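Only one structure is covered here, and it is reproduced in the block below.
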Amino acid sequence: MGSTSAHKNEGLGRRDVIKRSAALGLITVPTMSFLSACASGDSGGDEPVKKGKTSAKNPLGVNESAALDVVIFNGGFGEQYAKDAEKVYSEAFPKAKVKHSATQKIQSQLQPRFNGGTPPDLIDNSGAEQMDMGVLVGKKQLLDLTPLMDAPSYDDPNKKVRDTLRPGVLEMGQFDGDPVWIMYYAYTVYGVWYSQTNLEKLDAEYPETWDDMLALCAKAKKKGIAGWTYAGKYPYYLPFSLYPFIAKIGGREVLDKIDNLEPNAWKDPAVKAAFEAYYELKQKGYILSGTTGLTHIQSQTEWTKGKALFLPNGSWVENEAAPTTPKDFKMMVSAPSGLDSSDKLPFGTIWASGGEPFVVPAKAANPQGGMEQLRIMLSEESSKNFTKQVKSLSAYNGGTDGLTLSTAMQAGVDALKKAGDNVVNPRMQDWYVKLQKEQIGAGLGEMMAGRLTPAEAIKKIQAYADAAAKDQSIKHYKHQ
């Protein structure tokens, strides 16, 4: 690997030499209706079931005969891991009927149930139609999961559930103070994904500097291979590598200011430098042709076919792209390349955090059952099953002993080890889902399509953030 300061003798940093040129492009971002009207869910509905008797085997007081209604997002992780955990629930409570549903249309299918006061007992609130977590919390639509966090863990009655979680997972579920509103079940490593095999074919290693990244993209282009592709129809995938890139350049405090909706946060020099670097990929023709029209699945497929070297994504991609991934692909992930020697944080700075958010609605008929199902899922057995099936770490701090990890999972573990304390956790995507997915994503997408310059994209995104900061109809959050 090259040194991060390998190009300092050129006299100018990357910030000084990035070129801009005009280009035309068009991108369409799907508009979603988010759950902003959930507070109207006072119209009544099914009465909550009577709580059961608490015991050592039933610490949450589950009603042993009450039905359990679970809705799972059927995306990159599929649904079988949840079904397997539900079988454990059924064995523990044989009189209870477990209703399992799986969908990719979380918001459109569940908003009517929230508004009608009859939500499920447990929801995997994920995917493109994810319900706005900030709105759900702000409108008091979710159950506080603190009783689950303080309950004995499934494997060790002397250890609380909260003490079995990976670092940062519990805190992610806290929006304002101590209550825990969300249980992020997967542990996701976000970054730049690539095939070690395809890099080796180019006699290349993963580039640690932006100059090296551009040089490798130029080399690939001569071979008819694009440097990058991404989910053009869902450009909010771009921040999976862009946000830690910004933090590496300017420090984690830049991301905190963005999350806090502080004035001019998007005008920080680190944001400008990162945007200009990504724009250069577009201007130099290093983005796969047609990327702006690709879904996440289509971009992943083009990537696994070897048409592009790099893909910004999360660790669910290994399982989601499995049907098209060659056996010798050697899927890997890395932290973003650095910009230049003046970066505030070292190479290896990466975004990793809880993913796949599970929630128990406040108006659930069987909230104890919903929490108990999560307690089961946070057992070592269920965690190992999840990891084996979907090739991802879970929130349970362990569950890999005795397992043979894939190259992608091992790369994620290695990336976390290399990052050390330099793991960032931007909260925009769970505090302000609409702002992140519809507006910031749209601005980035237009820039990467060549429709906006970096300066224009920053101005547009800053305006969106300012509007959100002034919007008194939404609850605002800040890093503590």
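Counting begins at 1 with the first residue of the sequence. Being a predicted model, the structure only gives us computed values, none of them experimental.
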Quiz prompt | Residues in side chain to side chain donor-acceptor pair (under 3.5 Å) contact with Gln410, at least two apart in sequence or another chain | solution = Asp414

Would you give the length of the straight line joining atom [atom1] of [X] to atom [atom2] of [Y], rounded to the nearest 0.5 angstrom?
X      : Y      : atom1 : atom2 : value
Met331 : Thr325 : CE    : OG1   : 4.0 Å
Lys460 : Gln439 : NZ    : CD    : 10.0 Å
Lys388 : Leu405 : NZ    : CG    : 12.5 Å

Would a 4.5 Å heavy-atom cut-off, applied to side chains only, mark [X] and [Y] as touching?
X      : Y      : result
Asn397 : Thr164 : no
Tyr154 : Glu381 : no
Tyr464 : Ile440 : no
Tyr286 : Phe310 : no
Gln436 : Trp431 : no
Val192 : Trp228 : yes
Lys201 : Lys223 : no
Met409 : Leu393 : yes

Practice problem: Check the surroundings of atom NZ in Lys478: do more than 12 heavy atoms from other residues, nucleotides or ligands lie under 6.0 Å from it? | Solution: yes

Quiz item: Is the number of heavy atoms from other residues, nucleotides or ligands within 6.0 Å of CG (Asp178) greater than 12?
Solution: no

Do the side chain of [X] and the main chain of [Y] share a donor and acceptor less than 3.5 angstrom apart?
X      : Y      : value
Ser392 : Ser315 : no
Asp343 : Leu345 : no
Asn260 : Glu262 : no
Glu318 : Val390 : no
Asn425 : Ser353 : no
Lys248 : Gly338 : no

[X] bridged to [Y] by N-O distance under 4.0 Å:
X      : Y      : answer
Arg427 : Asp259 : no
Lys83  : Glu86  : no
Lys272 : Glu276 : yes

Self-check item: Sole candidate of Tyr396, Tyr81, Tyr185 that passes side-chain contact (heavy atoms from CB on, under 4.5 Å) when paired with Ser382
Solution: Tyr185

Quiz item: In terms of ring plane angle, is the pair Tyr278 and Trp210 parallel, tilted or perpendicular, where the classes change at 30° and 60°?
Solution: parallel

Exercise. Please work out whether the ring planes of Tyr432 and Tyr477 are parallel, tilted or perpendicular, with thresholds of 30° and 60°.
Key: tilted

Practice problem: Sequence neighbours left out, what passes side chain to side chain contact (heavy atoms under 4.5 Å, CB included) with Ser90? Give chain and number order. | Solution: Val98

Self-check item: Ala352 versus Leu416, closest heavy-atom pair with distance
Solution: CB-CD2, 3.4 Å

Quiz item: Hey, would you say the Phe77 and Phe386 ring centroids sit under 6.0 Å apart?
Solution: yes

Practice problem: Test Phe329 against Trp303 for ring-ring contact (aromatic ring centres under 6.0 Å, His included), laying out the working first. | Solution: CA-CA 10 Å; Phe329 194 70; Trp303 172 62; 5.1 Å; yes

